[in-house]
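To start, the structure itself, in structure tokens.
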There are 2 protein chains.
Amino acid sequence: MRKKIEKEHVGEQQLPRLGVAPYLELMGKTASKDTNQASAHMGLLLLWIGDNIQDMMDLNLSSFGITESKLDLLLLLILHQDKEGITPSSIAGRLGIRRASATALLDWLEKRNWIERKTNENNRRMVHVHITPEGRNLVDQILPTFWSTCDSFISDLEVEEQVVLKKILMKLNGSLERRLGVGR
Amino acid sequence: MRKKIEKEHVGEQQLPRLGVAPYLELMGKTASKDTNQASAHMGLLLLWIGDNIQDMMDLNLSSFGITESKLDLLLLLILHQDKEGITPSSIAGRLGIRRASATALLDWLEKRNWIERKTNENNRRMVHVHITPEGRNLVDQILPTFWSTCDSFISDLEVEEQVVLKKILMKLNGSLERRLGVGR
DNA sequence: GCTTATAGTTAGATAATCTAATTGTAATCA
DNA sequence: TGATTACAATTAGATTATCTAACTATAAGC
């Protein structure tokens, strides 16, 4: 008797890949006339690329049992650890989430002993947050994979392409951060 | 899902923006020696850019009461609507999610009358999915905003920068899709 | 000393995902 | 041809990440 797989084996009837062309055709029919369609084409590619690199990072981090957003928070704690001002509020402000959401993230990390909370004795409403040695240890284990994954995103590009891209990406990121009013 | 919209008046004690430098310094100390740090720097920027454009798109679509991932599904239905092979399974395959997750998405869209399910009479295990006129109407209302948002991502770049970027982005997206085994 | 503001948490909700189990149908094969 | 296996979809139940609103404790202002 044959026993069974586990892959949830997706059937043969895959939808064909269409590529970008039908999207551009639809854009031609549905974009407002003051939209620059060549730029929008690039924006669409950026959206897809963002999606794909996010998936790739999630995939590579999944074995560590932590998501990129939680790693992000731990990095924040490391990079600001000399300052005393790391509180649930300031974390929420930096990550662009509500205080209640920060509480939930911190609960999760605290339960695993990767961060600690300590009440501010001068203002007992406030709580200081810091990473523990175990947390730092975890991050040190993860970071080599994190950086090599970042490296891998553009590994298929030629060196000259990378040079050009670098300048543009820095400018682009600055522009987006300015317009969103955020920034790391 | 992300919301991140209102303000909830965040207090004064904001964490300072550090910029990329401390990240690069940390990378110097923690990256494996076969990581190309210049490339990883660009990868990090791409990750941040992806995050920022996703936020910008979410923000601009939020007033339509639909997320980008659900719009994505509706676009899929539109672009494949001549073919008969659109089923929960094929949707799950294309979106890279499980069939159960596709069922949940379709339930949500069906409840709002934007899609319809119809049992395949030749093989009663299968269900065909198609967009309704109301669904198509909704998409037509959203798309101008969607395209202009895509356009806006790179609106601060010079024309020459855009020209260079386009070629690189197409190559980059192709490379990522190939490595992830996905594609639109 | 009341009143108001602030920081954090709790309670309860929703969205987007997952795995495992279930249901109904089709195909295989002994 | 009837039992077994495979497959498509759904259901049930869980987790993660977010939200808003309400609550608690503390500090500050008048």
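Below, read A as the first sequence line, B as the second, and so on, with proteins coming before strands; counting in each chain starts at 1.
Screening residues 150-184 of chain A for ring pair (Phe, Tyr, Trp, His ring centres under 6.0 Å), with sequence neighbours left out, gives no hits. Among residues at least two apart or in separate chains, salt bridge (Lys or Arg N to Asp or Glu O under 4.0 Å) pairs with a member in residues 44-60 of chain A are A:D51-B:R184.
Applying the side-chain hydrogen bond (donor to acceptor under 3.5 Å, both in side chains) rule to A:N113 yields no partners; only residues at least two apart in sequence or on another chain are considered. With sequence neighbours left out, B:R124 forms a salt bridge (Lys or Arg N to Asp or Glu O under 4.0 Å) with B:E121. Listed by chain and residue number, B:D140 satisfy the salt bridge (Lys or Arg N to Asp or Glu O under 4.0 Å) test with B:R136 (two or more places apart in sequence, or in another chain).
Residue A:R99 places its side chain closer to C:dG8 than to any other of C:dG8, D:dT18, D:dT11. The side chain of A:R98 approaches D:dT20 more closely than any other nucleotide in the set C:dA15, D:dA9, D:dT20. Among D:dT11, C:dT10, C:dG8, the nucleotide with an atom closest to any side-chain atom of B:D107 is D:dT11. When each of D:dT18, D:dT20, D:dA9 is scored by its nearest atom to the side-chain atoms of A:L105, the top-ranked nucleotide is D:dT18. Closest to the A:S89 side chain, of the nucleotides D:dT20, C:dG8, D:dA17, is C:dG8.
Along DNA chain D, the nucleotide closest to B:R117 and the one closest to A:S101 are compared, and the more 5′ of them pairs with B:R117.
Between B:K70 and C:dA15, a side-chain N or O to OP1/OP2 separation shorter than 4.0 Å is absent. Close to D:dA17, at under 4.0 Å from its OP1 or OP2, lies a side-chain N or O of A:S69. In terms of phosphate contacts, A:T67 brings a side-chain nitrogen or oxygen within less than 4.0 Å of OP1 or OP2 of D:dA17.
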Tabulate atom names and distances for all N/O pairs under 3.5 angstrom spanning the protein and nucleotides 26-30 of chain D.
{"from": "D:dA27", "atom 1": "OP1", "to": "A:R124", "atom 2": "N", "distance (Å)": "2.9"}

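At whole-Å resolution of the value, CD1 in B:I97 and P in D:dT10 are 12 Å apart.
Annotation: side chain of B:F146 is in contact with side chain of A:L44 (closest heavy-atom distance under 4.5 Å).
Across all strands shown, A:A102 has no heavy atoms under 4.0 Å from either base or sugar-phosphate atoms.
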